[in-house]
Enquirer: 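Below is one structure. I have some questions about it.
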Amino acid sequence: MRDLKYTRIKGTLDIADGDLGYWYVVENATKKVASLYGYTEIRTPIIEPTELFVRSVGSDTDIVQKEMYSFEDKGGRKISLRPEGTAPVVRAFIENSMINKGFPQRMFYMGPMFRYERPQKGRQRQFHQLGFELFGSESPLADAEIMAVLVKMLREMGLMKFKLVINSIGCEKCRPNYKRALKEYYSHHLDEVCDDCKRRYNTNILRLLDCKVDVEIAKAAPKSVDYLCDECAEHYQRLKRYLGILGIEYEEDHRLVRGLDYYNRTVFEVRHEGLGGQDAIAGGGRYDGLIEELGGPHIPAVGFAAGIERLILAMKAEGVEVPPAIVHHVYIAHIGDVVEKAFEIAEDLRRKNLTVDMDVMDRKLSAQLKHADRIGALIVVIVGENELKKGVIIVKDMETGEQSEVDEDFAVDFVIDKVREKIQL
RNA sequence: GUGGCCAUAGCUCAACUGGUAGAGCGCCUGACUGUGGAUCAGGUGGUCGCGGGUUCGAAUCCCGCUGGCCACCCCA
């Protein structure tokens, strides 16, 4: 390899060529489903006050403790590159008094997130998420809708081999009881669990449940759903009923707990079988206390985020085919002293909304055609000095190789018809 | 942050137990003086990730660094 002077920062990716088609499919599916359900886009800054994430995600979480890109700017402000998307959306909601627009409010976002982690497949330091948030409703209808949006979007991307996993972790009222029960249970098994679990026994008891080492002990542990208060239990029951009505398949997993502190009641995750270690392609839940925590009024909310790189990995694992990022409808080749005419025709075709590429390398005809073939041009217009004297140009179908001489005055319309035969415009 | 595996041309890979780099694909040119995708020929292309050490001699052995992958951790 050449001695490269500048290289990508560890854990970052250049997105180009072949992968672009996948990105477009993901982005288009997101926008399509968003509009289907009435979610409008919100674009927040990539930098935010560090404190925003400390307060929302949680000061004890790994994200805040060791994964944030934080720095002080020249004005001495403590700033972080956003590690996730929900907190910024909530911040924007409060700051812009969006409460005055009434409820519910539905928003979505897409963009880069940053976490200082050890990179591996499906995990970068700069990665991209898309997320949906629904503010204002306490009803399980909202939970069901947000999951419906997620599933619809995954299907829209061509994904099939995923499963939705749900759980309820209760609220401030009933979770303490559950935590007590868990502590009681694990206190009898403390000598059997791994070192990490011993440590988390005191710091974050819920996380013992998804330990990959002590699976059997976790499976036999008390379930949060058995400790829900009446309200939480009813919420969870109704959610499951609504999912049934929507025909959304799900699996209950009492060991599903999520790593962000702001969740309550409903938590869910979508796992894909083709991804190996990093198999969570999306995750979310209800966060009824977050808006208040960040200085707004008490407004219930529910949402999810999906990792775009992981979605693309999943699409590739399933063999989902995507259209090319760009379709070159027409390539203009020219021979002899006719560039000006060629230039004119190219522009005329573009005015008709065709994607047109034209030789600007002054290459000979065979090289021009070779290039046209490589970029996948559907039609090649050959502007030749000899033909032009007769007032005609050549239109060549690159698929069949068949070509016809066309009066130059009708050339544009002829080409448009030719392209239409091949693809829908 | 911890542990393991890996790193040769733009890509995929080769080079016996250390003897100073090769193939396929790609790209460019020609056969085809104005017709792509097939074929053939020629050409382009690497201080063997970087730095140091051992050795007469290192792509090959040792150490460090960087980057990738896998597991843990965490999460999307």
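In the text below, chain A, chain B and the rest are named by the order of the sequence lines, each starting its count at 1. Model, not experiment: these values are computed from the prediction.
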Enquirer: B:C75 C1' sits how many Å from A:Arg271 CZ, rounded?
Expert: 12 Å

Enquirer: Among A:Leu182, A:Leu256, A:Ile217, exactly one meets side-chain contact (heavy atoms from CB on, under 4.5 Å) together with A:Leu209. Which residue is that?
Expert: A:Leu182

Enquirer: Any idea which of B:G68, B:C74, B:G4 is nearest the A:Pro119 side chain?
Expert: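 When the side chain of A:Pro119 is considered, B:G68 is the closest of B:G68, B:C74, B:G4.
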
Enquirer: Tell me the interatomic distance from A:Gln278, atom CD, to B:C69, atom P, rounded to whole angstroms.
Expert: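 A:Gln278 atom CD is separated from B:C69 atom P by 11 Å.
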
Enquirer: Quick one: look up who B:U35 pairs with, Watson-Crick or G-U, both distances under 3.5 Å, and put none if it's unpaired.
Expert: none

Enquirer: With C1' as the reference atom in both, quote the distance from B:C28 to B:U44 in angstrom, rounded to an integer.
Expert: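 That atom pair is separated by 7 Å.
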
Enquirer: With both distances under 3.5 angstrom, what nucleotide forms a Watson-Crick or G-U wobble pair with B:C48?
Expert: none

Enquirer: Answer yes or no: side-chain N or O of A:Gln403 and base N or O of B:U35 forming a donor-acceptor pair under 3.5 Å.
Expert: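 Flag set: donor-acceptor pair detected.
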
Enquirer: For B:G1, which nucleotide in any strand shown is its Watson-Crick or wobble partner with both distances under 3.5 Å?
Expert: B:C72

Enquirer: Within this structure, what is the CZ-to-C1' distance between A:Arg255 and B:C75, rounded to whole angstrom?
Expert: 16 Å

Enquirer: Please list, pair by pair, any protein nitrogen or oxygen found under 3.5 Å from a nitrogen or oxygen in nucleotides 36-41 of chain B.
Expert:
unit_1: B:G36; atom_1: O2'; unit_2: A:Asp373; atom_2: OD2; d: 3.4
unit_1: B:G36; atom_1: N1; unit_2: A:Met398; atom_2: O; d: 2.6
unit_1: B:G36; atom_1: N2; unit_2: A:Asp373; atom_2: OD1; d: 3.0
unit_1: B:G36; atom_1: N2; unit_2: A:Met398; atom_2: O; d: 2.6
unit_1: B:G36; atom_1: N3; unit_2: A:Asp373; atom_2: OD1; d: 3.4
unit_1: B:G37; atom_1: O4'; unit_2: A:Asp373; atom_2: OD2; d: 3.1
unit_1: B:G37; atom_1: N2; unit_2: A:Met398; atom_2: O; d: 3.3
unit_1: B:G37; atom_1: N2; unit_2: A:Glu399; atom_2: O; d: 3.3

Enquirer: Write out all pairs satisfying salt bridge (Lys or Arg N to Asp or Glu O under 4.0 Å) with one or both partners inside residues 134-153 of chain A, taking only residues at least two apart or from two chains.
Expert: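 Those involving residues 134-153 of chain A are A:Arg106-A:Glu145, A:Asp143-A:Arg286.
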
Enquirer: Identify the nucleotide, in any strand shown, that forms a Watson-Crick or G-U wobble pair with B:C61, with both distances under 3.5 Å; if there is none, say none.
Expert: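 Pairing partner: B:G53.
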
Enquirer: If I pick the C1' atom on B:U8 and the same atom on B:G46, what distance separates them, to the nearest angstrom?
Expert: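 About 8 Å, rounded to a whole number of Å.
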
Enquirer: Can you tell me which nucleotide in B:G4, B:G34, B:C74 comes closest to the side chain of A:Arg207?
Expert: B:C74

Enquirer: Identify all side-chain donor-acceptor contacts of residues 308-327 of chain A below 3.5 Å with residues at least two apart in sequence or on another chain.
Expert:
unit_1: A:Glu309; atom_1: OE1; unit_2: A:His128; atom_2: N; d: 2.9
unit_1: A:Glu309; atom_1: OE2; unit_2: A:His128; atom_2: N; d: 3.2
unit_1: A:Glu309; atom_1: OE2; unit_2: A:His128; atom_2: ND1; d: 2.8
unit_1: A:Arg310; atom_1: NE; unit_2: A:Gly122; atom_2: O; d: 2.7
unit_1: A:Arg310; atom_1: NH1; unit_2: A:Ala280; atom_2: O; d: 2.9
unit_1: A:Arg310; atom_1: NH2; unit_2: A:Gly122; atom_2: O; d: 3.1
unit_1: A:Arg310; atom_1: NH2; unit_2: A:Gln278; atom_2: OE1; d: 3.3
unit_1: A:Lys316; atom_1: NZ; unit_2: A:Asp19; atom_2: OD1; d: 2.7
unit_1: A:Glu318; atom_1: OE1; unit_2: A:Met160; atom_2: N; d: 3.0
unit_1: A:Glu318; atom_1: OE2; unit_2: A:Met160; atom_2: N; d: 2.9
unit_1: A:Glu318; atom_1: OE2; unit_2: A:Lys161; atom_2: N; d: 2.7
unit_1: A:Glu318; atom_1: OE2; unit_2: A:His272; atom_2: NE2; d: 2.7

Enquirer: Please determine, for B:A23, whether a Watson-Crick or G-U wobble partner exists with both distances under 3.5 Å, and give it or none.
Expert: B:U12

Enquirer: Can you tell me the Watson-Crick or wobble partner of B:G42, both distances under 3.5 angstrom?
Expert: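 Result: B:C28.
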
Enquirer: Figure out the CD/C1' separation between A:Gln120 and B:U2, and round it to whole Å.
Expert: 13 Å

Enquirer: Can you find a donor-acceptor pair, distance only, under 3.5 Å between A:Arg123 side chain and B:C73 base?
Expert: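 By the distance-only test, yes, there is a pair.
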
Enquirer: Could you tell me if A:Thr86 and A:Glu133 have a donor-acceptor pair between their side chains, going purely by distance under 3.5 Å?
Expert: yes

Enquirer: Starting from P on B:G34, measure out to CZ on A:Arg363 and report it in whole angstrom.
Expert: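 Atom CZ in A:Arg363 sits about 16 Å away from atom P in B:G34.
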
Enquirer: Which nucleotide wins on minimum distance to the side chain of A:Ile382, given the candidates B:C69, B:C74, B:U35?
Expert: B:U35

Enquirer: A:Ile335 has an atom CD1; how far is it from atom P of B:U35, in whole Å?
Expert: 8 Å

Enquirer: Measure NZ/A:Lys66 against C1'/B:U2 and give the value in whole Å, please.
Expert: 10 Å

Enquirer: Side chains of A:Tyr236 and A:Arg265: closer than 4.5 Å at any heavy-atom pair?
Expert: no

Enquirer: What nucleic acid atoms does A:Gly11 come within less than 4.0 Å of, heavy atoms only: base, sugar-phosphate, or nothing?
Expert: sugar-phosphate

Enquirer: Assign A:Ile308 to base, sugar-phosphate, or nothing according to its heavy-atom contacts below 4.0 angstrom with the strands shown.
Expert: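 Nothing: the residue A:Ile308, judged by heavy atoms under 4.0 Å, touches no strand.
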
Enquirer: Could you tell me how far B:G18 sits from B:U2 if I compare only their C1' atoms? Round to whole Å.
Expert: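 One C1' to the other, the span is 34 Å.
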
Enquirer: Does A:Arg115 get its side chain close enough to the base of B:C75, under 3.5 Å, for a donor-acceptor pair?
Expert: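 Looking at the base of B:C75, it does not pair with any donor or acceptor on the side chain of A:Arg115 (distance under 3.5 Å).
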
Enquirer: Looking only at atom P, what distance separates B:G37 and B:C32, rounded to whole Å?
Expert: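 To the nearest whole Å, 14 Å.
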
Enquirer: A:Ala144 and A:Leu246: which non-hydrogen atoms are nearest, and at how many Å?
Expert: O-CD1, 3.9 Å

Enquirer: Check every strand shown and say whether A:Ile394 touches a base, only sugar-phosphate, or nothing at a heavy-atom separation below 4.0 Å.
Expert: base

Enquirer: Tell me whether the NZ or CZ atom of A:Arg43 lies within the 45° cone about the ring axis of A:Tyr109 and under 6.0 Å from its centre.
Expert: no

Enquirer: Identify whether NZ of Lys or CZ of Arg in A:Lys183 sits under 6.0 Å from the centre of the six-membered ring of A:Tyr201 and within 45° of that ring's axis.
Expert: yes

Enquirer: On a whole-Å scale, what distance lies between the C1' atoms belonging to B:G49 and B:A59?
Expert: 12 Å

Enquirer: Has the side chain of A:Arg310 got a donor or acceptor atom sitting under 3.5 Å from an opposite partner on the base of B:C75?
Expert: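 Flag set: donor-acceptor pair detected.
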
Enquirer: Where does the angle between the aromatic ring planes of A:His189 and A:Tyr186 fall among parallel (under 30°), tilted (30 to 60°) and perpendicular (over 60°)?
Expert: perpendicular

Enquirer: Quick one: which of B:G67, B:G4, B:A31 gets closest to the side chain of A:Lys364?
Expert: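 Out of B:G67, B:G4, B:A31, the nucleotide with an atom closest to A:Lys364's side chain is B:A31.
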
